[in-house]
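Note on naming: letters A, B, ... go to the chains in the order of the sequence lines (proteins, then strands), and numbering restarts at 1 for each one.
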Protein chains: 2
Amino acid sequence: MVKLYFSITMNYDLEYIKNEINQEVFMEKETRIFKDSVYAQIARIGKAISSPRRLEILDILMQGSKTVETIARETDMSVANTSQHLQTLLESRLVEYEKRGVYSYYKLADRMVGNFILSLQLLAEKRITELQKLREEIYTNRDNIEQIKMSELIVRMKKGNVTLIDVRPKEEYEMMHIPGANSIPIEDLEKHLATLPINQEIVAYCRGRCCLLSVEAVEILRAHGFKAVRLEASVQEWLSQNDDEYSNAHNCCNKKNSIIS
Amino acid sequence: MVKLYFSITMNYDLEYIKNEINQEVFMEKETRIFKDSVYAQIARIGKAISSPRRLEILDILMQGSKTVETIARETDMSVANTSQHLQTLLESRLVEYEKRGVYSYYKLADRMVGNFILSLQLLAEKRITELQKLREEIYTNRDNIEQIKMSELIVRMKKGNVTLIDVRPKEEYEMMHIPGANSIPIEDLEKHLATLPINQEIVAYCRGRCCLLSVEAVEILRAHGFKAVRLEASVQEWLSQNDDEYSNAHNCCNKKNSIIS
DNA sequence: TAAATATTCAATTGATCAATTGAATATTTA
DNA sequence: TAAATATTCAATTGATCAATTGAATATTTA
């Protein structure tokens with residue numbers, strides 16, 4: 001028997017089903033209703049990530065939990081608009097929130113969500129050639145920035161002839177960072193130039209593929225005579241490759257301090 | 001300088017940019033255009049998977065390449081409608097096709113696409129409680145079908161007291177299957193009952209989480225006095241867990257024979 | 001040339017947004 | 001109670017679909 005649940009989700013005409021006599025035809029119909037319902041539910045996640053604005057919000061939330069105001073500022077949207085997009089993400093179960101005093105802190109609902117968004121970005125990067133062009137374009141425009149891959153960074157770090165800097169906001173660094181990285185938020189970079197080695201290569205990283213903070217950092221460093229390149233990957237990519245070692249050996253990801261108010 | 005490419009993708013007013021004098025403001029604007037363009041491109045994939053119908057098509061293509069007619073039959077859609085959905089998927093670069101005689105064979109454009117769709121399904125399964133309910137519902141409705149996980153199957157197969165059957169169409173079995181499985185397409189099951197052991201547990205698997213073929217198989221087997229359960233996972237899930245061993249040790253995935261015409 | 005398959009075209013029906021804003025309301029803290 | 005933050009409401013503007021069909025057209029084989 002098709003239960004009420006199906007009729008709710010699919011608005012299916014129960015009377016019609018009841019009058020159906022042929023068992024085989026009935027089973028086929030039930031299978032169809034089931035499939036329609038299942039794919040409709042999965043499509044909820046698809047719909048959530050079909051908006052560029054919401055993708056930008058998710059990308060920011062990959063760095064940790066944030067208030068509505070912070071997200072609005074980062075994405076150049078109004079608070080009202082941001083809040084509404086967040087409600088949509090909430091309905092698709094991709095994000096969660098927590099009230100702390102007068103602030104609402106939003107975060108990704110699950111570690112799986114972060115990995116999923118990351119794999120979406122990597123898939124898009126690989127499949128959509130326009131995206132590759134777009135990225136090449138901006139790196140060329142901006143002073144012919146050189147990029148290195150994660151594997152290359154690891155090789156150079158083992159040799160010890162590289163300085164790694166994290167140019168994201170301090171809170172994001174404190175939430176999680178690549179071991180061995182120094183936190184120099186982009187707006188403090190010019191103040192900290194004296195502490196950086198002029199004879200060694202500097203590798204800057206930021207939020208990842210869609211973020212230009214490290215590009216900006218490399219531009220500033222080069223303008224002051226430093227040798228600097230950009231790391232292509234983000235903390236998240238690093239983490240998804242070095243998951244176990246990271247959490248066990250380094251333990252620099254202190255969840256308790258994850259929200260800086 | 002913002003290049004023409006941006007103005008094409010974003011319909012951006014170049015004149016306005018040229019007249020912009022402040023360098024910092026200009027950079028901010030360029031960053032914004034870049035981000036908007038990047039997220040718009042990524043959203044193309046989101047849009048492709050925001051339709052339940054297209055998700056169903058992608059799910060079928062996970063089993064290998066198929067003609068438009070086959071896909072239309074499997075999804076209960078008209079050929080015209082199927083073709084149009086396939087054009088959308090083509091534009092989002094998730095599928096590719098090849099002409100062979102009078103047929104067009106569509107397939108997933110990349111192995112990454114299959115893994116991505118699989119992770120979408122797993123994410124939806126975990127996050128969307130309605131989906132869990134829907135599935136419980138149907139298994140309860142259909143004779144209280146029991147399901148086992150991949151890990152459990154492996155344990156039982158090592159003990160040797162289990163018969164594994166693949167109830168998908170023969171072409172899909174030939175394309176790729178779990179080692180040790182016997183191909184018994186659902187429509188041939190009743191003919192093959194005599195060849196199955198009555199005293200041993202039979203595990204049936206099909207296309208995966210959204211497919212009911214194995215559920216049907218278990219129902220038939222039980223009705224004839226067999227002890228039968230359903231495997232929760234699909235070949236794809238098995239493959240994503242046992243990738244290297246599979247392709248090296250077994251080599252039963254013969255790409256040359258992947259298309260049966 | 002006839003038959004089979006796939007794509008495209010034109011059209012329908014209906015919904016549902018997409019992104020956004022300003023103002024009102026609710027909530028919490030100091 | 002005033003101030004700050006977040007959500008909701010009502011409204012705008014504009015697009016773009018979502019899913020679908022039947023018929024026409026294109027393509028290929030036998």
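- With rounding to whole Å, B:Leu55 atom CG is found 12 Å from D:dA18 atom P.
- The side chain of B:Pro52 sits closest to D:dA19 out of D:dA19, D:dT28, D:dA4.
- Going from atom CD of A:Glu98 over to atom C1' of D:dT5 covers 16 Å, rounded to whole Å.
- Ring geometry for B:His177 against B:Tyr173 counts as parallel: the plane angle stays under 30°, on a 0 to 90° scale with 60° as the upper cut.
- Using Watson-Crick or G-U wobble geometry with both donor-acceptor distances under 3.5 Å, C:dA30 finds its partner in D:dT1.
- Nearest-nucleotide positions on DNA chain C for A:Ala80 and A:Gly101 put A:Ala80 closer to the 5' end.
- Atom NZ of B:Lys47 is separated from atom P of C:dA18 by 8 Å (rounded to the nearest Å).
- Between A:Tyr39 and B:Cys210 the shortest side-chain heavy-atom distance falls below 4.5 Å.
- Between B:Ser78 and the phosphate of D:dG22, there is no side-chain N or O to OP1/OP2 separation shorter than 4.0 Å.
- Across all strands shown, D:dA6 is found opposite C:dT25 as a Watson-Crick or G-U wobble partner, with both distances under 3.5 Å.
- Computed from coordinates, the B:Leu86 CG to C:dA6 P distance equals 10 Å when rounded to whole Å.
- Side-chain contact annotation: A:Ser240 with A:Arg111, donor-acceptor N/O pair under 3.5 Å absent.
- Rounded to whole Å, atom P of C:dA18 lies 18 Å from atom OH of B:Tyr39.
- Of the N and O atoms on the side chains of A:Arg135 and A:Gln132, not one donor lies less than 3.5 Å from an acceptor on the other residue.
- A donor atom on one side chain and an acceptor atom on the other are found under 3.5 Å apart for B:Arg230 and B:Tyr139.
- In this structure, B:Met77 atom CE and C:dT7 atom P are separated by 13 Å, rounded to whole Å.
- Phosphate contact (OP1/OP2 of C:dT7, side-chain N/O of B:Ser104, threshold under 4.0 Å): present.
- Separating the P atom of D:dT16 from that of C:dT13 is a span of 22 Å, rounded to the nearest Å.
- Within the 4.0 Å cut-off from OP1 or OP2 of D:dT20, at least one side-chain nitrogen or oxygen of B:Arg53 is found.
- Between A:Asn81 and C:dA19 there is no side-chain polar atom (N or O) within less than 4.0 angstrom of OP1 or OP2.
- Distances from the side chain of B:Ser83 to the nucleotides C:dT7, C:dT20, C:dT5 place C:dT7 closest.
- One interatomic measurement links the two molecules: CZ of A:Arg73 to P of D:dA6, which rounds to 10 Å at whole-angstrom precision.
- Using a 4.0 Å heavy-atom distance criterion, A:Thr82 is classed as making no nucleic acid contact.
- The side chain of A:Arg54 contributes an N or O atom lying less than 4.0 Å from OP1 or OP2 of C:dA18.
- Here D:dA18 sits opposite C:dT13 as a Watson-Crick or G-U wobble pair (both hydrogen-bonding atom distances under 3.5 Å).
- Computed from coordinates, the A:Arg100 CZ to D:dA4 C1' distance equals 18 Å when rounded to whole Å.
- As judged by a 4.0 angstrom heavy-atom cut-off over every strand, A:Gln84 is placed among the base-contacting residues.
- At D:dT7, one or more side-chain N or O atoms of A:Tyr106 fall inside 4.0 Å of OP1 or OP2 (strictly under the cut-off).
- Across D:dA19, C:dA6, D:dT5, the shortest atom-to-atom separation from the side chain of B:Tyr103 is found for C:dA6.
- Side chain to side chain, A:Gln121 and A:Asp59 meet the donor-acceptor criterion of an N or O pair below 3.5 Å.
- Across all strands, A:Val68 comes closer than 4.0 Å only to sugar-phosphate atoms, never to a base (heavy-atom distances).
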